[in-house]
Amino acid sequence: MESAQIEQLLNKYLEGNTSIAEERELKAYFSSNNVALHLLPYKEMFGYFKNQEEIQFTKTLPLQPRKRNVVKWIGVAASFVILFGTALFYMNSNGTNEDLGTYDDPEIALIETQKALEMLSENVSYGVESVAVLQEYNESKKTIFK
Amino acid sequence: MNQQEFLNIISPFKDKVFRIAKRLLVSSEEAEDATQEVLIRLWNKKEGLDKYNSVEALAVTMTKNYCLDQLKSKRASNLKLVHSNYSDNQAGVDKQVEDKDSWSWVEKIMNNLPEQQRLIVQMRDVEEYEFSEIAKALEMNETAVRVALSRARKMIKEKLVEKHNYGISTNRTITK
């Protein structure tokens with residue numbers, strides 16, 4: 001295109017009266033290498049506009065705000081399940097502890113009871129023995145402090 | 001609407017939204033955050049999207065409003081700083097701008113334009129939207145859009161010509 005024609009178009013451009021098609025013509029002219037010397041400032045301008053078209057948005061979009069909420073609530077639900085689960089487990093295990101130590105057969109129960117009582121009396125008599133020592137101590141105290 | 005359908009709807013314009021946000025906020029990171037925010041807001045109201053005849057126009061309007069809000073709150077917090085260490089803050093900003101020498105001149109010039117003009121140049125000269133679309137997305141009338149666009153284009157051109165002449169004259173003094 002001739003530079004006179006370009007200049008005419010440029011004036012129209014500066015007034016804001018060019019169409020998109022005409023502006024594309026200008027961009028094409030200024031991206032070529034035979035730009036008239038006095039029009040060089042425009043080359044920079046249109047070159048910049050052309051170059052700006054290539055900038056891209058590269059950041060990824062976190063598009064699951066709702067799904068994330070679901071995940072959050074799953075966490076809350078899971079912690080409740082664990083809480084109640086452990087609570088129930090402890091209650092149940094306490095209950096079974098109470099059942100332990102009972103016998104269905106009375107004879108075995110008798111034997112076991114005897115065993116337990118024997119063990120108890122053994123310990124009691126061991127205790128009595130040590131009390132006997134105390135008794136002796138008491139007696140000697142009495143003889144001294146009378 | 002499932003995720004894939006939503007992605008299909010936004011894929012033609014998500015880059016545009018990002019570029020518009022970047023034009024206003026300048027920083028790529030802030031623009032990424034803004035784009036993410038706008039797209040997620042769209043996703044959250046995905047059931048009502050059928051009501052809009054152009055989701056793209058809606059996205060652009062949302063981006064514009066979100067970014068302008070961001071800039072407003074940023075300015076509000078900057079004003080507080082101005083009282084305590086005005087000169088320090090200023091120097092930091094200047095240096096930041098100079099450090100980024102990869103920025104082209106046009107970008108620097110555009111960053112000095114009013115936000116509305118920046119948006120319009122971005123939407124017309126980069127994204128190639130029709131005037132009617134720009135007017136709708138920015139809630140302006142078409143004539144106002146044309147006037148603002150014309151002002152912005154002239155300003156960019158003027159600054160570039162200035163810089164160009166300056167460049168030539170300094171080259172001459174160097175060679176002399």
Side-chain angles (χ1 to χ4, degrees), chain A residues 3-72, chain B residues 2-3 6-7 10-11 13-19 21-23 28-29 31-33 35-36 39-40 42-44 46 104-107 109-110 120-122 124-131 142-143 145-154 156-165 167-168:
Chain A
S3 71
Q5 226 175 326
I6 287 291
E7 265 173 69
Q8 207 179 0
L9 211 50
L10 276 175
N11 283 332
K12 210 174 149 191
Y13 169 81
L14 288 178
E15 293 307 321
N17 291 329
T18 37
S19 66
I20 297 271
E22 287 170 322
E23 284 162 22
R24 284 194 183 143
E25 258 175 62
L26 285 172
K27 279 182 189 166
Y29 170 79
F30 284 104
S31 64
S32 71
N33 283 324
N34 39 22
V35 174
L37 209 61
H38 67 288
L39 295 179
L40 274 181
Y42 287 102
K43 190 179 165 71
E44 204 169 329
M45 190 167 167
F46 286 102
Y48 174 78
F49 292 150
K50 198 103 193 84
N51 161 55
Q52 287 298 297
E53 286 169 31
E54 275 143 42
I55 299 173
Q56 284 180 341
F57 178 65
T58 49
K59 217 172 171 183
T60 50
L61 271 182
L63 277 192
Q64 298 100 326
R66 276 168 210 187
K67 268 192 184 170
R68 265 188 193 169
N69 272 343
V70 169
V71 169
K72 223 188 272 169
Chain B
N2 67 29
Q3 205 173 324
F6 178 75
L7 289 177
I10 62 162
S11 71
F13 62 82
K14 67 173 172 42
D15 293 335
K16 294 184 190 180
V17 165
F18 172 61
R19 292 190 291 252
K22 190 170 183 295
R23 178 63 61 210
S28 288
E29 290 89 60
E32 275 176 351
D33 291 346
T35 310
Q36 214 175 40
L39 294 178
I40 286 171
L42 275 181
W43 167 252
N44 288 340
K46 58 183 187 294
S104 92
W105 268 93
V106 187
E107 185 147 341
I109 295 166
M110 279 189 75
I120 294 173
V121 173
Q122 177 71 27
R124 180 65 181 194
D125 283 332
V126 182
E127 314 300 351
E128 301 184 335
Y129 281 106
E130 291 294 346
F131 283 112
E142 281 187 42
T143 327
V145 171
R146 276 178 203 271
V147 169
L149 179 65
S150 165
R151 268 192 209 138
R153 281 173 173 172
K154 281 177 183 165
I156 298 171
K157 174 226 150 190
E158 211 172 281
K159 294 277 176 193
L160 280 176
V161 169
E162 235 171 64
K163 173 231 156 192
H164 205 73
N165 293 339
I168 288 166

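All heavy atoms count here, side chains included; hydrogens, waters and symmetry mates do not. Throughout, protein chains are lettered first and strands after them, A, B, ... in sequence-line order, and every chain is numbered starting at 1.
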Assign the ring pair A:Phe46 / A:Phe30 to parallel, tilted or perpendicular, where the plane angle (0 to 90°) is split at 30° and 60°.
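If you compare the ring of A:Phe46 with that of A:Phe30, the planes turn out parallel.
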If you tally heavy-atom pairs under 4.5 Å against chain A, which of [options] wins?
{"options": "B:Gln36, B:Arg151, B:Arg23, B:Arg146", "result": "B:Gln36"}
{"options": "B:Asp125, B:Val145, B:Val106, B:Leu160", "result": "B:Asp125"}
{"options": "B:Glu130, B:Glu127, B:Lys159", "result": "B:Glu130"}

Pairwise distance NZ(A:Lys27) to CE(A:Met45) - rounded to 0.5 angstrom:
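A:Lys27 NZ to A:Met45 CE: 10.5 Å, rounded to 0.5 Å.
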Do B:Gln122 and B:Lys22 come within less than 4.5 Å of each other through their side chains, counting heavy atoms only?
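Answer no - side chains too far apart.
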Please examine the side chains of B:Val121 and B:Met110, heavy atoms only from C-beta on, and report whether any two atoms are closer than 4.5 Å.
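Side-chain contact under 4.5 Å: yes.
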side-chain contact (heavy atoms from CB on, under 4.5 Å) partners of B:Glu158, counting only residues at least two apart
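For B:Glu158, no residue satisfies side-chain contact (heavy atoms from CB on, under 4.5 Å) once neighbours in sequence are set aside.
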Under the salt bridge (Lys or Arg N to Asp or Glu O under 4.0 Å) test, which residues partner B:Glu32, sequence neighbours left out?
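Listed in chain order: nothing, the list is empty.
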Atom group of [X] that falls short of 4.5 Å from chain A, counting heavy atoms:
{"X": "B:Val17", "value": "neither"}
{"X": "B:Tyr129", "value": "backbone"}
{"X": "B:Ile109", "value": "neither"}

Heavy-atom cut-off 4.5 Å, strictly under: side chain, backbone, both or neither for [X] against chain B?
{"X": "A:Glu23", "answer": "side chain"}
{"X": "A:Lys50", "answer": "neither"}
{"X": "A:Asn17", "answer": "both"}

Who among A:Asn51, A:Leu40, A:Ile55 has the most heavy-atom pairs with chain B under 4.5 Å?
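When all of A:Asn51, A:Leu40, A:Ile55 are compared, A:Ile55 has the most.
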Does one side chain, of B:Glu107 or A:Tyr48, offer a donor that lies under 3.5 Å from an acceptor on the other?
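Distance-only check passes for B:Glu107 and A:Tyr48.
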